[in-house]
Amino acid sequence: MDRDMRLRRLWETIQDIPPGSVANYGQIAEIAGIPRGARMTAYALRVAPQELELPWHRVIQASGKSAFYCNSRHFKMQRDRLADEGVPMINGRVDMKQYRWEPALDELLWKPSDAWDDQ
DNA sequence: CCATTGACCGGCT
DNA sequence: TAGCCGGCCAATG
């Protein structure tokens, strides 16, 4: 499993996050078949081609906070887009108990089978 | 090679 | 709750 494969899996997983939900970096990596790959998810987002139009605003830290500084343009865009989808940020954080993405079993099963190799 | 960096995480004060 | 800290791991210098 090379770098391009990992990036494709991560991008694909991010595309799967439905509106109205959020996912954290480690969760995305795990679903993509990359345990302990939270920082890889961050890298994948940073280098993602613009034309993929990933729903990057649905990716936040496990704590429920945005990864961006609260005065940055990115942060405000993320907060606004989440609000549009019905996901409120109270005091700069999303309630993960309520809004964390819980992929259904069938959503996981159509992933490439070797996503489960290292288990 | 070795060091630093980063859209991270979990445990522990 | 808020930091601090060590661990993590590919990329970058």
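Chain letters run A, B, ... following the sequence lines, proteins first and then strands; every chain starts at 1. Every heavy atom of this structure was used, including side-chain atoms; hydrogens, water molecules and symmetry mates were not.
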(request) Enumerate the residues from residues 65-86 of chain A whose closest heavy atom to DNA chain B is under 4.0 Å, giving them by residue number; use none for an empty result. (result) A:Ala67, A:Phe68

(message) Among residues at least two apart in sequence or on other chains, which ones pass side chain to side chain donor-acceptor pair (under 3.5 Å) with A:Arg36?
(response) none

(request) Tell me which residues in residues 51-59 of chain A put a heavy atom below 4.0 Å from DNA chain B, sorted by number, or none. (result) A:Trp56

(message) Once rounded to the nearest 0.5 Å, what's the spacing between atom SG of A:Cys70 and atom CE of A:Met89?
(response) 9.5 Å

(message) Suppose we screen for side-chain contact (heavy atoms from CB on, under 4.5 Å). Which residues come up paired with A:Asn71, at least two apart in sequence or across chains?
(response) A:Tyr69

(message) In the structure I gave you, are the side-chain heavy atoms of A:Pro55 and A:Gln15 within less than 4.5 Å of one another anywhere?
(response) yes

(request) Go through the structure and list residues passing side chain to side chain donor-acceptor pair (under 3.5 Å) with A:Thr41, not counting sequence neighbours. (result) none

Measure all distances between protein nitrogen or oxygen atoms and nitrogen or oxygen atoms of nucleotides 11-13 of chain C, and list the pairs falling under 3.5 Å.
| unit_1 | atom_1 | unit_2 | atom_2 | d |
| --- | --- | --- | --- | --- |
| C:dA11 | OP1 | A:Arg3 | NH1 | 3.4 |

(request) Select from A:Arg36 and A:Arg93 the residue whose nearest nucleotide in DNA chain C is closer to the 5' end of that strand. (result) A:Arg93

(message) Without decimals, in angstroms, what is the distance between A:Gln61 CD and C:dT1 P?
(response) 15 Å

(request) Could you check if a side-chain atom of A:Val22 sits within less than 4.5 angstrom of a side-chain atom of A:Ile17, using non-hydrogen atoms only? (result) no

(request) Provide the full list of salt bridge (Lys or Arg N to Asp or Glu O under 4.0 Å) pairs with a residue in residues 71-91 of chain A, sequence neighbours left out, each pair given once. (result) A:Arg58-A:Glu85

(message) To the closest 0.5 Å, what do you measure between CD (A:Glu12) and CG (A:Leu7)?
(response) 12.5 Å

(request) Quote, to the nearest angstrom, the P distance that separates C:dG7 from B:dA7. (result) 22 Å

(request) Just jot down the side chain to side chain donor-acceptor pair (under 3.5 Å) partners of A:Tyr43, sequence neighbours excluded, or say none. (result) A:Arg3

(request) Using the heavy-atom set of chain A and a strict 4.0 Å cut-off, write down the first and last nucleotide of DNA chain B that makes it in, 5' to 3'. (result) B:dG6 to B:dG10

(request) For A:Ala48, enumerate each residue passing the side-chain contact (heavy atoms from CB on, under 4.5 Å) test, keeping only those at least two apart in sequence or located in another chain. (result) A:Trp11, A:Leu54

(message) Quick check for you: to the nearest 0.5 Å, what is the distance between A:Asn91 atom CG and A:Lys65 atom NZ?
(response) 11.5 Å

(request) Indicate if A:Val87 and A:Ile90 have the same hydrophobic cluster label, given that clusters are the connected sets of ILVMFWY residues with side-chain heavy-atom separations under 4.5 angstrom. (result) no

(request) Indicate, with a heavy-atom threshold strictly under 4.0 Å, whether A:Arg39 touches base, sugar-phosphate, or nothing. (result) base

(message) List the residues meeting side-chain contact (heavy atoms from CB on, under 4.5 Å) with A:Ala67, not counting sequence neighbours, and say none if there are none.
(response) A:Tyr25, A:Gln61

